[in-house]
Protein chains: 2
Amino acid sequence: MLTTMSTSLHHRAIEHLGTRIVAGELPAGHIMLAEHLEEELQVSRSVVREAVRVLQSLGLVETTKRVGIRVLPANRWNPFDSQVIRWRLAGEGRGAQLRSLAELRTAVEPVAAELAATNAPEEIRRELVEVSHAMRDAGRAGDVPRFLELDIHFHSLLLTGSGNEMFANMVGQVAETLTGRTVHGLMPDRPRDTALQWHVDVAEAIAAGNPAGAREASDRIMRQTIAEMEPEWKDQPRVFVPVTRP
Amino acid sequence: MLTTMSTSLHHRAIEHLGTRIVAGELPAGHIMLAEHLEEELQVSRSVVREAVRVLQSLGLVETTKRVGIRVLPANRWNPFDSQVIRWRLAGEGRGAQLRSLAELRTAVEPVAAELAATNAPEEIRRELVEVSHAMRDAGRAGDVPRFLELDIHFHSLLLTGSGNEMFANMVGQVAETLTGRTVHGLMPDRPRDTALQWHVDVAEAIAAGNPAGAREASDRIMRQTIAEMEPEWKDQPRVFVPVTRP
DNA sequence: TGACACCGATGTGTGCTGACATCAAAACTC
DNA sequence: GAGTTTTGATGTCAGCACACATCGGTGTCA
């Protein structure tokens with residue numbers, strides 16, 4: 001055993017197995033033995049068992065007596081878990097994952113804007129307006145890093161301001177999407193002026209307590225976002241498998 | 001120790017702790033000791049440790065050396081996890097959870113309908129139309145159990161037909177919402193005829209490959225659903241806390 | 001005398017191991 | 001073919017060694 005480590009063995013085991021399962025390297029139906037995992041990962045039973053239990057709770061594997069640890073098909077995985085999302089973004093399923101996230105955002109943000117216009121506290125409304133103006137300035141100046149930072153802040157405020165805890169919890173994924181979009185050069189060098197104005201429109205509609213206006217402006221942003229990102233996943237096949245849990 | 005049990009000790013430990021944490025019985029910041037949990041649950045260390053590991057992955061607790069197992073505040077919980085949702089629905093946070101789910105549905109279903117109109121396979125389109133007609137018949141006949149069954153089937157087809165795996169995964173939660181709404185007598189005895197027609201509209205727009213129409217009809221269903229269910233959670237305070245993960 | 005830095009004791013999670021219980025698949029018997 | 005036994009995997013238990021954050025005592029310096 002190693003003397004010191006940055007992350008716990010438990011965490012490393014989860015990461016190792018989760019990555020390989022999500023990458024498809026360990027296909028659905030593949031069966032592993034706990035004992036075999038012990039020597040493969042060079043860790044003890046406790047570590048393997050605790051890791052398997054977590055993966056089980058994520059729907060990645062199931063354990064059966066007398067059989068072993070069975071890898072489950074992708075439609076059993078919890079697609080909302082941030083670990084699963086991270087593993088998929090890192091590997092084969094990146095395109096499909098990006099599309100799923102973008103479509104979820106498309107659905108959620110306009111409704112979040114609508115809710116924020118009705119419910120958000122005064123401070124968030126004010127901050128939204130400020131940030132949207134700063135975004136416009138940074139965008140027109142071509143200051144990409146600053147723009148990205150403000151963009152993330154804007155959408156975080158929007159999701160938080162909805163007062164819906166599930167929406168608020170999507171902040172991390174949205175931030176990852178926005179960052180990824182910038183890093184992969186999917187953003188135009190200088191954000192379109194129309195898009196900048198739409199952000200201002202959303203903020204001002206929320207500040208004015210105008211749900212319909214906030215929703216419409218947000219919907220416009222989302223549609224353009226989808227249009228810009230679509231090339232990234234254009235070849236990804238869609239899957240129409242019902243999700244059933246035993 | 002008991003001789004036989006229907007569920008594993010591990011599962012029971014998760015259930016016991018998860019329920020009590022989500023119910024607020026173990027408040028945020030509360031510190032438990034693994035040793036203490038052993039005797040409280042009358043199980044061994046392995047069981048406690050594996051259960052704590054799972055709860056940790058759900059964001060319900062964190063472990064710190066020399067301190068113990070600390071209960072985390074609600075904004076750290078994973079609001080998309082089906083176990084957490086179930087625990088919340090069973091207890092104190094029922095109203096807030098129902099509202100969150102309903103708002104998420106409001107956001108997602110119109111977009112799912114839009115996507116289904118573009119992407120769904122022919123078979124799902126056909127089945128949607130059939131089910132929507134059967135719903136209309138059952139609704140007009142006042143056959144509530146049959147209507148509920150068809151309603152769940154309809155929305156499952158819609159979410160699956162979107163081809164978005166995250167949407168498809170919401171089938172279980174939607175089914176639970178629809179069932180709960182019926183059981184708690186929030187449904188009018190005989191579904192409104194307008195709502196029945198909207199379901200047919202959604203199905204036929206999808207079958208005809210008309211995204212905008214499908215979205216609009218679905219949006220109408222969602223708005224009426226919200227209006228009907230709102231009394232259930234009218235007094236629930238909203239929380240505007242940013243979600244940040246360390 | 002008081003404030004501060006150092007350092008060791010203490011307790012708790014982390015990890016390892018050997019043993020036994022349980023239960024379902026597979027092999028066997030009739 | 002049906003029922004029974006065997007087998008082999010996970011499930012559970014209990015004890016140990018280790019790492020390390022916290023606390024409190026001790027020493028040093030002003």
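Heavy atoms only: backbone and side chains are in, while hydrogens, waters and symmetry mates are out. Labels below follow one simple rule: chain letters A, B, ... track the order of the sequence lines, proteins then strands, and each chain is numbered from 1.
For the side-chain contact (heavy atoms from CB on, under 4.5 Å) test, residues two or more places apart in sequence or in another chain that qualify with A/E39 are A/H36, A/Q42. Take B/E35 and apply the salt bridge (Lys or Arg N to Asp or Glu O under 4.0 Å) test, not counting sequence neighbours, and it matches no residue. For A/E25, the salt bridge (Lys or Arg N to Asp or Glu O under 4.0 Å) partners at least two apart in sequence or on another chain are A/R20. Partners of B/E176 according to the side-chain contact (heavy atoms from CB on, under 4.5 Å) rule, which considers only residues two or more places apart in sequence or in another chain, are B/L89. Listed by chain and number, the residues in a ring-ring contact (aromatic ring centres under 6.0 Å, His included) with A/F80 are B/F80 (sequence neighbours excluded). Among residues two or more places apart in sequence or in another chain, the salt bridge (Lys or Arg N to Asp or Glu O under 4.0 Å) test is passed with B/R70 by B/E62.
Of all the residues in residues 58-67 of chain B, B/T63, B/T64, B/K65, B/R66 reach under 4.0 Å from DNA chain C with at least one non-hydrogen atom. Using a 4.0 Å cut-off on heavy atoms, the residues of residues 47-56 of chain A that approach DNA chain D are A/R49, A/R53, listed by number.
Put simply, CG on A/L33 is 14 Å from C1' on D/dT7, counting in whole angstrom units. Per the geometry, NE2 belonging to B/H11 stands 17 Å off C1' belonging to D/dT12, to the nearest Å. Nucleotide D/dT10 holds its P atom 8 Å from the CD atom of A/E35, rounded to whole Å. Following rounding to the nearest Å, A/I31 (CD1) and D/dT10 (P) show an atom-to-atom distance of 10 Å. Distance B/R45 CZ to C/dC20 C1': 18 Å, rounded to the nearest Å. Computed from coordinates, the B/E38 CD to C/dT12 P distance equals 12 Å when rounded to whole Å. Between the NE2 atom of B/H10 and the C1' atom of C/dC23 there is a distance of 18 Å, rounded to whole Å. In this structure, the CE atom of A/M32 is 13 Å from the C1' atom of D/dT10, given to the nearest Å.
With distances taken from any side-chain atom of A/S8 to the nucleotides D/dT12, C/dC16, C/dG15, the minimum falls on C/dG15.
Side-chain contact between B/L60 and B/V84: present, with at least one pair of heavy atoms (C-beta onward) separated by less than 4.5 Å.
A/W233 places no side-chain N or O within donor-acceptor distance of the main-chain N or O of A/Q97, the cut-off being under 3.5 Å.
Close to D/dT12, at under 4.0 Å from its OP1 or OP2, lies no side-chain N or O of B/S44.
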Mind listing the side-chain donor-acceptor pairs of residues 152-168 of chain B below 3.5 Å, one per line with the distance, residues two or more places apart or on another chain?
{"residue": "B/H153", "atom": "NE2", "partner": "B/E127", "partner atom": "OE2", "Å": "3.2"}
{"residue": "B/H155", "atom": "ND1", "partner": "B/E109", "partner atom": "OE1", "Å": "2.8"}
{"residue": "B/H155", "atom": "ND1", "partner": "B/E109", "partner atom": "OE2", "Å": "3.1"}
{"residue": "B/H155", "atom": "NE2", "partner": "B/D151", "partner atom": "OD1", "Å": "3.1"}
{"residue": "B/H155", "atom": "NE2", "partner": "B/H199", "partner atom": "NE2", "Å": "3.2"}
{"residue": "B/S156", "atom": "OG", "partner": "B/I152", "partner atom": "O", "Å": "2.7"}
{"residue": "B/T160", "atom": "OG1", "partner": "B/S156", "partner atom": "O", "Å": "2.8"}
{"residue": "B/S162", "atom": "OG", "partner": "B/L159", "partner atom": "O", "Å": "2.7"}
{"residue": "B/S162", "atom": "OG", "partner": "B/N164", "partner atom": "N", "Å": "3.1"}
{"residue": "B/N164", "atom": "OD1", "partner": "B/M166", "partner atom": "N", "Å": "2.7"}
{"residue": "B/N164", "atom": "OD1", "partner": "B/F167", "partner atom": "N", "Å": "3.0"}
{"residue": "B/N164", "atom": "ND2", "partner": "A/S100", "partner atom": "O", "Å": "3.4"}
{"residue": "B/N164", "atom": "ND2", "partner": "A/E103", "partner atom": "OE1", "Å": "2.8"}
{"residue": "B/E165", "atom": "OE1", "partner": "A/R88", "partner atom": "NH1", "Å": "3.2"}
{"residue": "B/E165", "atom": "OE2", "partner": "A/R88", "partner atom": "NH1", "Å": "2.7"}
{"residue": "B/E165", "atom": "OE2", "partner": "A/S100", "partner atom": "OG", "Å": "2.6"}

